[in-house]
Amino acid sequence: MAALLIAVVITLQAPHESAAPSHSATSANSAESAELVPVPVPEPSERAMEYYRSGIAIWFGVQAWRLAIPAVILFSGFSARLRTFAKRLGRSWFGTIAVYLLAFYLITFVIELPLDYFLGYVRPHHYELSRQSLGRWIGNEFKSLAIGIVAAIAFVWIPFLVIARSPKRWWLYTGMLALPFAIFTAFVMPIWIDPLFNAFGPMKNKALEAQILSLADRAGIDGSRVFEIDKSRDTKTVNAYVTGLFGSKRIVLWDTLLANQNDKEVLAVMGHEMGHFVLNHVAWGISLGAAGSLILLFLVDRLGRWSIARFGNRFGFDSLADIAALPLFIFLLAGLNLIGSPIQLAISRTMEHEADRFSLELTHTNHSAASAFAKLQRENLSNPRPGWLSVIFRSSHPPLGERIDFCNVYHPWTSGLSGRYDSLFRSGTEQSKRAD
Ligand SMILES: [Zn+2]
């Protein structure tokens with residue numbers, strides 16, 4: 001399955017062969033040759049390595065903690081008692097589920113608060129990566145809690161209804177519902193949810209914006225899709241991302257990136273984000289995720305039934321249709337997701353690498369792209385060469401060392417060869433004619 005998914009991604013991004021090279025080696029001028037000067041991968045600071053090593057230890061702790069909480073709630077019989085309480089208060093089928101979810105979310109919020117505080121506030125401040133005030137951090141925590149409760153009450157009853165109606169095939173029907181649900185979530189996220197946390201607007205630096213829009217036009221992207229976000233309120237780290245689907249699809253630039261990098265470096269980073277945009281990586285991620293969720297839910301069904309047959313007496317329920325089984329679902333999903341994460345992360349790294357390639361082919365600014373990554377490494381305290389186990393289980397992006405190496409060596413246009421994505425770019429004359 002893993003191989004199949006990866007094969008799909010790679011086939012999708014197979015090279016577009018074109019006869020005529022778009023740029024010839026002879027046209028290289030001094031600006032172009034300056035962009036071919038390699039950038040050495042910076043040595044990580046002692047602090048960055050400490051951040052990396054402690055990050056691995058914390059990763060193990062977090063995984064264990066995420067499995068331990070639902071396991072304790074289950075095996076102590078607490079979930080069943082909570083359901084009995086919810087039934088008394090909520091009366092109806094839906095009322096029981098709503099009260100249970102509300103109580104469950106509040107209780108787990110309190111249990112997880114110390115860890116959230118450590119990971120989201122103490123640790124980033126200790127490493128001087130955060131600028132967030134405690135008040136803002138607390139505000140965001142409560143916003144997330146409120147969104148979680150509203151979303152849970154709005155949607156979690158659906159699989160429980162499906163299980164009650166079709167105890168044998170629920171995993172298939174729920175898995176089929178996962179795709180429209182994921183599409184809906186991806187669509188509303190940038191317009192309903194993200195603005196609750198940060199302000200999004202057009203770019204403030206108009207000269208740079210004009211350059212970005214011209215690059216976007218060449219990549220075939222409508223300029224109204226570029227936003228600047230006030231991340232400097234929260235963090236010193238730098239980033240940019242692509243989000244949304246259909247009408248809500250957009251490229252978002254952190255203002256910290258703009259403060260930290262020169263124009264050409266920003267353009268190289270934007271070229272990468274444009275790659276995600278044009279190659280439809282969000283939609284591919286959702287489709288592959290939905291396919292994966294069918295397998296995941298099938299396994300949850302089998303393991304869930306087995307767990308109830310084996311430990312049902314201690315859990316205090318005898319059916320997956322009982323809302324008291326929620327922590328069992330959470331436990332199984334967390335465990336299976338952990339096991340499946342190397343596949344998911346490998347697909348993500350493939351997409352990230354292709355976005356890097358897209359950027360280089362679009363901009364031809366290898367030196368600027370590499371120096372943007374070198375700055376990213378320093379600002380974000382990254383280890384450019386993490387261990388392979390860390391890459392397999394924790395890295396959604398290729399290590400920065402590899403990304404810089406790739407920028408240093410990948411320039412097929414200097415040998416008169418065409419790039420994988422050349423056919424997707426608009427030429428200068430097309431730009432003024434085409435409008436979409
Ligand atoms: Zn990316």
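Keep in mind that this is a model prediction, so the values were computed, not measured. Order of appearance sets the numbers: ligands from 1, and atoms from 1 within every ligand.
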Taking the six-membered ring for Trp and the full ring for Phe, Tyr or His, determine whether the centres of F425 and F358 are under 6.0 Å apart. yes
L258 and its side chain to side chain contact (heavy atoms under 4.5 Å, CB included) partner, picked from N205, L253, V238: L253
Closer than 2.8 Å to the Zn ion (ligand 1): does that hold for any N, O or S atom in H272? yes
Output yes when a side-chain donor or acceptor of E379 lies under 3.5 Å from a complementary backbone atom of T237, and no otherwise. no
For N/O/S atoms only: which one belongs to E352 and is nearest the Zn ion (ligand 1)? OE1
N/O/S of H276 less than 2.8 Å from the Zn ion (ligand 1)? yes
Is the positively charged end of R357 above the ring of Y410, judged by distance under 6.0 angstrom from the centroid and angle within 45° of the axis? yes
